[in-house]
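What follows is a set of notes on a single structure, which appears directly below.
The analysis underlying the following values was restricted to heavy atoms, covering all of them including side chains, and did not include hydrogens, waters or symmetry mates. Positions are given from 1 along the sequence. Predicted, not measured: the structure shown is a model, and the values here were computed from it.
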Amino acid sequence: MLERLNQALDHLEDRLDQDIDMAEVARIAAVPEYHFRRLFSALAGMPLPTYVRRRRMTLAGAEVLAGELTLLDIAVRYGYGSGEAFARAFRSVHGIGPGEARRTGAVLTAQPRMSFRVVVEGSTSMRYRIVEKEAFRVVGRRTTVPLVHDGVNAAATAHVESLDAGTITRMKELRGVREPEGILSAFVYLTESREEGADADFWVGVATRPEPATGEPGEPGHPGRPGRPGRPGDLDALDVPAGTWAVFDHRGPWPSAVQELWRDVFTLWFPSNPYTSRPGPELLRTRPVAVGSATDFQLWIPVERTLHPSRLPSNA
């Protein structure tokens, strides 16, 4: 898969001065566009549009300093319909406008061209199984939190601590499926980005049957946020469609081991296995422990099998 990802980046690089068809870029990588964007964000540490903008402004910066083309010509070459739009994009990357950069010969910021390779470090165990699961529902309480890659997520911790004993008891009483079992955390990403600080809906709840537990009529789902029809009492409900899941079991210190496994799933496991991610919540089953204490946990990632497994590298 890494070879195909790099071929896709080569294709993108050749078209930085053109309109880029991201669906075509994903086709070259032989994965769905959704997975390509998510995988790129996990591997690169930035959203794909951010990388494209930085690469374009790197090339544009060299042309601005060269002084051979007008600023408007450079703006048009890199897809900007006006000098103002180009100046905003240029300043967002270089911290200075293109006109001033040309006049002063300013030092600019370069975004290096990326390529991907797998470097396995440490001794993270990635024990997993593939589960075909019917539709179910997560019932609990939801909030929106920023992503935190290292250390405690204060917003998520505050949300967990806000749940009183009565609410937790009611959630446990609603459990209705064999697995995933226990109190769960569910993350629904609100953008394609996985960079630090990106927003995600964060649920704490239990898995139960997909039908409304109280028979209440459904309410419209929020655009971009998988279904929230029917709430048992005052709890929120997240409908999860049937599909395939990769389930990872691990043990380690909280929360660093969880964060490391989550990272390794996208940077090591996906590039080496015939699966891609699919839309849906990512689920974590664990128990509250002190920071740094060892705990068992289970991570559920929605996946689908690669369409053309015969095209995988021989060592995949």
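Closest approach of Phe297 to Gly252, counting heavy atoms only: CE2-N, 3.9 Å. Scanning all heavy atoms of the two residues, the minimum distance from Arg102 to Gly67 falls at NH2-CA, 3.4 Å. Considering every non-hydrogen atom in both Ser92 and Arg53, the closest pair reads OG-NE, 3.6 Å. Ala156 approaches Val145 most closely through the heavy-atom pair N-CG1, 3.9 Å. Met114 and Met46 make their closest contact through CE-CE, 3.7 Å (heavy atoms, listed as atom of the first residue, atom of the second, distance).
Atom-to-atom distance recorded for His250:NE2 and Leu299:CG is 10.5 Å, nearest 0.5 angstrom. If you take CG on Leu283 and CD1 on Ile301, they are separated by 8.0 Å, rounding to the nearest 0.5 Å. Here Thr276 contributes atom OG1 and Arg38 contributes atom CZ; the two are 11.0 Å apart, rounded to the nearest 0.5 Å.
Checked by atom type, the side-chain pair Ser277/His35 shows a donor-acceptor distance below 3.5 Å.
Between Trp269 and Tyr275, the ring planes are parallel. Angles under 30° get that label, and only those over 60° would be called perpendicular. Ring geometry for Phe40 against Tyr51 counts as tilted: the plane angle lies between 30° and 60°, on a 0 to 90° scale. Taking the six-membered ring for Trp and thresholds of 30 and 60 degrees, Tyr189 and Phe187 have nearly parallel ring planes, at less than 30 degrees apart.
Side-chain contact check for Asp249 versus Arg127: some heavy-atom pair is nearer than 4.5 Å. With a 4.5 Å cut-off on side-chain heavy atoms, Val206 and Glu173 do not count as touching. A 4.5 Å side-chain heavy-atom check between Met57 and Gln111 finds every atom pair outside the cut-off. In this structure, Leu5 and Leu43 have side chains that are in contact, with non-hydrogen atoms separated by less than 4.5 Å. Within the 4.5 Å cutoff, the side chain of Arg175 has no heavy atoms near those of the Glu181 side chain.
The backbone N or O of Gly182 lies less than 3.5 Å from no partner atom in the side chain of Arg287, so there is not a single donor-acceptor pair.
Using a cut-off of 4.0 Å between Lys/Arg side-chain N and Asp/Glu carboxylate O, Asp150 and Arg263 are scored as not salt-bridged.
The environment of CD in Gln18 is crowded: more than 12 heavy-atom neighbours from other residues, nucleotides or ligands sit within 6.0 Å.
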